[in-house]
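Accompanying notes for the structure given below.
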Amino acid sequence: MYTVLVSDAINAEGLKPLLDMPNLEIIQKKSDDPSVRLESIDALLVRSATKVTEQLLDQMPNLKIIGRAGVGVDNIDVPAATKKGIVVVNAPDGNTISTAEHTFAMMASLMRRIPQAYVSVKNTEWKRSTFVGTELHGKTLGIVGLGRIGAELAKRAKAFGMTITVFDPFLTKERAAKLGVESASLEQLLQSSDIITVHTPLTPETKGLINSKSLSLTKKGVYFLNCARGGIIDELALADYIGSGHVAGAALDVFELEPPGEHPLLKFDQVIATPHLGASTKEAQLNVATQVAKEVRLFLEDMPVSNSINLPAISKDLYAKLQPFHQLAKQMGAILSQCVKTGIHELSITYSGSATDLETPYLTKALISGFFKNRIDAYVNEVNALLTAKERGITIGEKISVDAFGYSNCITVTAKGEDSAFTVRGTYIDHYGPRIVFLNGFNIDFLPDGNLLYIQHMDRPGVIGRVGKILGDLSVNIATMQVGRKEAGGEAIMVLSFDNPIEEQTLSALSKLEDIVSINSILL
Ligand SMILES: NC(=O)c1ccc[n+]([C@@H]2O[C@H](COP(=O)([O-])OP(=O)(O)OC[C@H]3O[C@@H](n4cnc5c(N)ncnc54)[C@H](O)[C@@H]3O)[C@@H](O)[C@H]2O)c1
Ligand SMILES: O=C(O)[C@H](O)COP(=O)(O)O
């Protein structure tokens with residue numbers, strides 16, 4: 001049973017993929033509503049209003065996924081979520097058109113002073129000469145950040161006869177040529193544009209990207225638009241430049257602090273504003289809600305998601321290929337952590353044969369998460385596996401090798417400690433399944449699943465019989481049993497599987513037997 005908290009206004013029809021899911025309860029309440037039991041929530045759906053802080057995440061120990069029904073994730077503490085192994089997904093393109101259209105509407109409104117004229121007419125005035133505007137045609141529009149929204153805006157502005165200058169450090173010449181825009185430095189854009197609009201994410205690098213210094217480079221009479229995120233344009237610097245008459249006006253859909261309340265920029269008649277409405281259309285809200293609900297459902301059904309901020313994107317086809325190896329890698333990590341009780345400083349993983357064709361970094365993360373599963377008191381998955389290893393001082397080595405030890409594929413992992421090393425090797429055999437084929441120096445062949453006992457012993461007559469007798473006396477039924485040795489009379493191992501977990505009393509009785517070197521119970 002999963003519990004999903006929908007903490008912002010998310011389109012109800014778009015939630016259908018989740019509503020249709022069996023064993024799932026949806027709670028539509030604010031995250032700070034006292035009736036919400038935060039500790040029971042498995043998935044959290046938000047827009048930009050809910051601030052998903054580290055403190056909130058601390059109160060949600062069961063949380064596995066955060067779905068952002070929109071683009072910007074600056075209201076989510078992604079590093080804190082990542083550290084806790086919480087997957088963050090968004091709906092990157094569902095609101096692109098709506099936001100590009102809104103930006104365009106804001107630009108046209110700003111240049112033709114439509115909001116001001118509207119208020120005047122509503123006040124029974126008829127001041128035709130007061131509201132003389134400026135044409136868009138023939139003007140240069142400077143776009144900072146030519147991503148999804150920037151590009152859609154560029155297409156529309158070109159249709160209106162504008163020249164488009166773009167600053168985007170990640171813009172290739174080919175894409176600029178395809179979109180018919182001129183690529184420029186930020187300085188060139190500031191100096192040449194009549195209207196400047198920002199469409200970057202809000203990051204430490206873009207915060208205050210347009211500041212007093214950049215404003216000083218602009219043409220007198222320039223206009224500014226911000227329908228991306230408050231803070232990309234330094235609000236107080238912009239207010240200074242509007243106050244001095246250098247900047248002719250601004251259209252703002254977003255503010256550093258929302259709602260902005262009594263804001264210095266809102267005192268100017270030449271500043272128009274909307275309350276973060278870029279994505280507020282029926283179409284966009286249905287799109288983003290559906291996209292994010294589908295992603296969350298896929299995740300809860302243990303399927304790959306495509307729009308994760310902190311997980312690599314894996315297609316359905318690739319996941320189908322990876323899935324058996326993913327499970328094998330996880331089990332191998334769990335076997336290692338239950339056999340190696342001493343501190344380790346390195347996990348060295350080698351992929352051989354056809355396993356080298358797979359997305360090996362993903363498998364490495366799965367193996368590490370399996371390793372930590374029974375070792376530390378924290379939720380570790382593919383999202384935070386590498387970070388957790390780093391925090392615990394464990395170096396991760398990943399290699400590929402042609403030698404697959406006679407198998408068509410295999411994964412070999414060695415845990416290295418101060419003066420010890422323990423190796424596990426596994427393979428996946430079509431129509432047969434995952435097998436562990438090498439354990440701590442011994443060739444063996446067992447299915448990594450369920451309740452296992454790994455016994456290291458001396459290869460002497462009667463040992464296997466004595467183990468069988470003790471188990472029989474204690475009414476413990478052996479499901480399967482495999483043995484392996486290096487040489488006659490030397491050390492040997494047996495791996496037994498059971499229908500139920502092995503009790504402490506059984507382990508204790510077995511460990512007292514003659515010729516037993518060590519016993520490990522493994523739960524997979
Ligand atoms: N007002 C709204 O309701 C609304 C709706 C949707 C999106 N947004 C916001 O609009 C912005 C753009 O969204 P998008 O979907 O187009 O994102 P996107 O990721 O497709 O595009 C962002 C672009 O910014 C560029 N960029 C990154 N750092 C830059 C820098 N330092 N200088 C210049 N360019 C840089 C990237 O290369 C990329 O091309 C985001 O901030 C998003 O949160 C607002
Ligand atoms: O980043 C976004 O998708 C937009 O800013 C929309 O935010 P909203 O979902 O709060 O309207």
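All ligand and atom numbering here is 1-based and tracks the order in the structure. A quick note: this is a predicted structure, and the numbers were derived from the prediction, not measured.
Ring centroids of F160 and H137 are separated by 6.0 Å or more, keeping the two rings apart. For Y241 and F224, the ring centers sit 6.0 Å or farther from each other.
The proximity of I149 to ligand 1, defined as any non-hydrogen pair under 4.0 Å, involves the side chain as well as the backbone. Contacts of E205 with ligand 1, taken as heavy-atom pairs under 4.0 Å, involve the side chain alone. When heavy-atom distances to ligand 1 are checked against a 4.0 Å cut-off, N95 comes that close only through its side chain, counted from C-beta outward.
For ligand 1, the polar-atom distance check finds no N/O of T206 at less than 3.5 Å from any of the ligand's N/O atoms. Note: no N/O pair closer than 3.5 Å links A49 and ligand 2 by distance alone. Ligand 2 has an N or O atom lying under 3.5 Å from an N or O atom of R68, backbone or side chain. Close N/O approach between L209 and ligand 1 is not found [any backbone or side-chain N/O within under 3.5 Å]. Not one N or O of Q285 is nearer than 3.5 Å to an N or O of ligand 2, by distance alone.
K365 and E398 are not joined by a salt bridge, as no carboxylate oxygen comes within less than 4.0 angstrom of a charged side-chain nitrogen. At a threshold of 4.0 Å, the pair E152-R156 counts as salt-bridged, since one of the basic side-chain nitrogens sits closer than that to a carboxylate oxygen. Salt bridge status for K51 with D77: absent, with no side-chain N to carboxylate O gap under 4.0 Å.
The protein heavy atom nearest to atom 3 (O) of ligand 2 is V71 N, 2.6 Å. Shortest contact from atom 10 (O) of ligand 2 to any protein heavy atom: S48 OG, 2.4 Å. At the top of the distance list for atom 11 (O) of ligand 2, counting protein heavy atoms only, stands R47 NH2, 2.8 Å.
Residue-ligand proximity, A69 to ligand 2, at heavy-atom distances under 4.0 Å covers atoms 9 (O). Set against the non-hydrogen atoms of A279, the atoms of ligand 2 under 4.0 Å away are 6 (C). Those atoms of ligand 2 with a heavy atom of G70 less than 4.0 angstrom away are 3 (O). Ligand 2 places these atoms under 4.0 Å from at least one heavy atom of H276: 4 (C), 5 (O), 6 (C), 7 (O). Residue contact check: C227 has heavy atoms under 4.0 Å from atoms 1 (N), 2 (C), 4 (C), 44 (C) of ligand 1. Which parts of ligand 2 touch G72 is read off a 4.0 Å heavy-atom cut-off, strictly below it: atoms 1 (O), 2 (C), 3 (O).
Residue contact check for ligand 1: T96 places no non-hydrogen atom closer than 4.0 Å to it.
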